[in-house]
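The structure under discussion appears below in the form of structure tokens.
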Amino acid sequence: MKRILITSALPYINGIKHLGNLVGSQLPADLYARFMRAKGHEVAFLCATDEHGTPAELAAIESKTSTEDYCRKMWQTQKDLSAQFFLSFDFFGRSSSSSNHALTKAFALNLDDNGLLKSVNERQLYSAKDKRFLPDRYVIGTCPDCSYERARGDQCENCTRQLHASELIKPSSVLSGSQDLELIKTKHLYLMQSKLKEKLLTWIESNDHWPKITTSIAKKWLMDGDGLQDRSITRDLSWGIPVEKNGKPWKGMENKVFYVWFDAPIAYISATIDWAKSKKKHPDFWKSWWLNDHGAEDVHYVQFMAKDNIPFHTLSFPATLIGSGQSWKLVDYIKGFNWLTYDGGKFSTSQKRGVFMNQALELFPSDYWRWWLLSNAPETSDADFTWRSFQSSINKDLADVLGNFVSRLTKFTFSKFGATIPNGSRYGEQELNAIREIEKVFISYDDAMNKIEIRKATSYLRKIWSIGNEYLQRSQPWVKIKTDTAEAAKTIRFGFNLMLFFSEISEPFIPSTSNEIKYCLGKSNEKSQWPSLKEDFTSIFEKIDYGDDFKQIENLFVKISNDYALDLAKRFSGTNN
RNA sequence: GGGGGGUUAGCUCAGUUGGUUAGAGCAGAGCGCUCAUAACGCUUUGGUCACAGGUUCGAGUCCUGUACCCCCUACCA
């Protein structure tokens, strides 16, 4: 048994996440967590909301509540939605938790003690009307290069030049439109990542098995231009973790908070602390997951995230951990994802374009979404969501291949014998052939799951389901029953064992359906057991015996009609169209 | 500007260290079955592997160049 630490990128607090956010981190992380648990490993699967920063404050203002209340509410909403998607977090915390406050401050202190923090004088645009410093993105004005009038403070969309908000001509606030902006002197703490460049490079190069996208993004930031840049880790904001030293205001950093990107990844650790607390574990329990000198050396740590997060997880956060001088566990494998697009364009939270987690669940059960998203995960390049593709996946893969297999088997059995597996003969050549074929594909499936090759895994899983239909077709119990009941009964028993097997190996993808199948077989309370490749594979299909009862269930999946798919495409085309 | 990823059948994608007739699912065609959600099974039609050169006995795979698409580029997170 191994210990597996799994974290998925922290969802930002300012609203309900869309399917792109879901498939980029939390959902594949859940798949892996369920797989590893089923294999009998000890898993810590953790996540938390990322709550600090300007967008959270603005969203709170918009909803006319305090930032604290807004975040508490959205945290609850996101937590509930995760649960409805059957995301099996061991703990879903908050980056605003008191443990994260304490830990973040402790990291800053250690980094300072190790000479890795410096104070830098800057000038920032302050908006009197908005009563806040404006991040570059929140300033709009005329580009000094191409004279485009609606250039954003970070980059001109017209000529693509990188900008600083202070360079804009006639800058105005995106929030209020106010032009009453003033450049004010301010000071910020910088994390001197550049000093850790060699250590980071060595560490990254020691991980030669990482996905290409992960390593190439990390190296680019590490080596490009003047190399790794030092990075400011504080902000002039009120909502966040106050910059303090030993419980007192940090000299020269009064009224400032830590930058979200500094405190957010630290929440992986504090979520572990909060989890342990909630489980009433020994106070040092969390350390066995995170500190190498407390046993974390043999933990296998895997992170899931979309590609925009990769620099922070390959450089900034490791710099924080390494720079602290303590024996923190570094990530072993980073699974990075590309983007999911919506019907050829971007998912957009601000423009309400695409499908959001709450809407998705109002339309279809979570397994429908889990299946489409995972079988189309943007692993090698961006992937596109279309209702047509969704319809096809659900109807063919789930309803026709898996759903119909269960349906034809249970209905046939019930109509001929009632809700009990009838007595019959021993397995013969046909069953052994099917088992051999399944074993072959299962080995590939198990391998793909181990390597977190998700699309590949789905195609193997689908193949295994379809072997069930092929077997029934060859065995023809509906013909056999006329002449040889024992033969038909044998096929039925094997078929029910296939059902159980399908339910076990499909659980990471479609946990809810998997439970339904188990309910049908009277095994709802039994924990999923991943078939072992070491034992005799044949014995896996002996778990259901003659005389066992089953319950009739409704069709597992309802098909999506053409009309409905078209209707949905129209309904979700976005407010901008 | 710099960097990354992509371009393979009508569609969505696999193609391991270069090795005989380039694969899968969907869609299309034909046949079979009738237990089942008009579901299932079998067979089958589709490809100058973006383009142009090069290396090699041999290139989808390696090199160079070109075109197009997507993404990142550190203050949205």
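Just so you know, these numbers come straight off a predicted model, no measurement behind them. Naming: A, B, ... by sequence-line order, numbering from 1 per chain.
Look at CD1 on Ile310(A): it is 14 Å from P on G4(B), rounded to the nearest Å. Across the protein-nucleic acid pair, Asp308(A) atom CG and A77(B) atom P stand 12 Å apart, rounded to whole Å. Rounded to an integer number of Å, the gap from Arg455(A) CZ to G23(B) P is 21 Å. Across the protein-nucleic acid pair, Trp371(A) atom CH2 and G25(B) atom C1' stand 11 Å apart, rounded to whole Å. Rounded to an integer number of Å, the gap from Ile233(A) CD1 to C75(B) P is 13 Å. We find that CD of Glu453(A) is positioned 10 Å from C1' of U16(B), with the value rounded to whole Å. Atom C1' of nucleotide U12(B) and atom CD1 of Ile454(A) are separated by 17 Å, given to the nearest angstrom. Taking atom CG of residue Asp397(A) and atom P of nucleotide C26(B), one finds them 8 Å apart after rounding to whole Å.
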Watson-Crick or G-U pairs under 3.5 Å in RNA chain B, rendered as dot-bracket with [ ] for crossing pairs and | for another strand: (((((((..((((.....[...)))).(((((.......))))).....(((((..]....))))))))))))....

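Nucleotides G47(B) and G60(B) place their C1' atoms 11 Å apart, quoted to the nearest Å. Here the separation of A22(B) from U45(B), taken at their P atoms, is 13 Å to the nearest Å. If you take atom P in C49(B) and the same atom in U21(B), they sit 14 Å apart, rounded to whole Å. Atom name C1', nucleotides G19(B) and G28(B): the rounded distance is 34 Å, in whole Å. Taking the C1' atom of each, C57(B) and G15(B) are spaced 24 Å apart, rounded to whole Å. Comparing A9(B) with U61(B), their P atoms are spaced 15 Å from each other, to the whole Å. Rounded to the nearest Å, the gap between the P atom of U8(B) and that of G2(B) is 26 Å. Using C1' as the reference atom, G4(B) and A74(B) are 16 Å apart when rounded to the nearest Å.
Each of Ser466(A) and Gly153(A) has a nearest nucleotide on RNA chain B; the 5'-most of these lies closest to Ser466(A).
Applying the side-chain hydrogen bond (donor to acceptor under 3.5 Å, both in side chains) test to pairs two or more places apart or on separate chains, those with a residue in residues 12-21 of chain A are His18(A)-Asn21(A). The list of salt bridge (Lys or Arg N to Asp or Glu O under 4.0 Å) pairs with a residue in residues 334-351 of chain A, not counting sequence neighbours, reads Lys335(A)-Glu379(A).
Contact annotation for Pro477(A): no contact, since no heavy-atom pair falls under 4.0 Å across all strands. Within the 4.0 angstrom heavy-atom criterion, no nucleotide atom of any strand lies near Thr410(A). Residue Ser459(A) is out of contact with every strand shown, counting any heavy-atom pair closer than 4.0 Å. Residue contacts shown for Glu470(A) are limited to sugar-phosphate atoms, with no base heavy atom under 4.0 Å away. Base contact: Gly227(A) has a heavy atom under 4.0 Å from a base atom. Using a 4.0 Å heavy-atom distance criterion, Arg388(A) is classed as making no nucleic acid contact.
Tested against Thr186(A) for a side-chain hydrogen bond (donor to acceptor under 3.5 Å, both in side chains), the candidates Lys256(A), Glu122(A), Arg123(A) yield a single pass: Lys256(A). For the side-chain contact (heavy atoms from CB on, under 4.5 Å) test with Asn433(A), the passing option among Arg436(A), Glu437(A), Gln430(A) is Arg436(A); the others fail.
No donor-acceptor pair closer than 3.5 Å links the side chain of Ser407(A) to the backbone N or O of Gly403(A).
By the 4.0 Å N-to-carboxylate-O rule, Lys559(A) lies close enough to Asp400(A) to be salt-bridged with it. Ionic pairing of Asp154(A) and Arg152(A) is present here: one or more N-O contacts between side-chain nitrogen and carboxylate oxygen are shorter than 4.0 angstrom. Between Asp382(A) and Lys307(A), at least one side-chain nitrogen of the basic residue sits less than 4.0 Å from a carboxylate oxygen of the acidic one, meeting the salt-bridge criterion.
A donor and an acceptor atom sit less than 3.5 Å apart, one in the side chain of Glu122(A) and one in the base of C75(B).
Set against U73(B), G41(B), C75(B), the side chain of Pro135(A) has C75(B) as its closest nucleotide. Listed nucleotides C71(B), G15(B), G5(B) differ in distance to Lys307(A); the shortest reach to its side chain belongs to C71(B).
Checked against salt bridge (Lys or Arg N to Asp or Glu O under 4.0 Å), Lys411(A) has no partners two or more places apart in sequence or in another chain. Considering only residues two or more places apart in sequence or on other chains, Phe417(A) meets the ring-ring contact (aromatic ring centres under 6.0 Å, His included) condition with none of them.
Using a 90° window around 0 for the glycosidic torsion, G28(B) falls outside it and is classed as anti.
More than 12 heavy atoms of other shown residues, nucleotides or ligands fall within 6.0 angstrom of atom CG in Asn121(A).
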For each nucleotide in nucleotides 27-37 of chain B, reading 5' to 3', give B when a protein heavy atom comes within less than 4.0 Å of its base, S when such contact involves only the sugar-phosphate, and - otherwise. S----BSSBBB

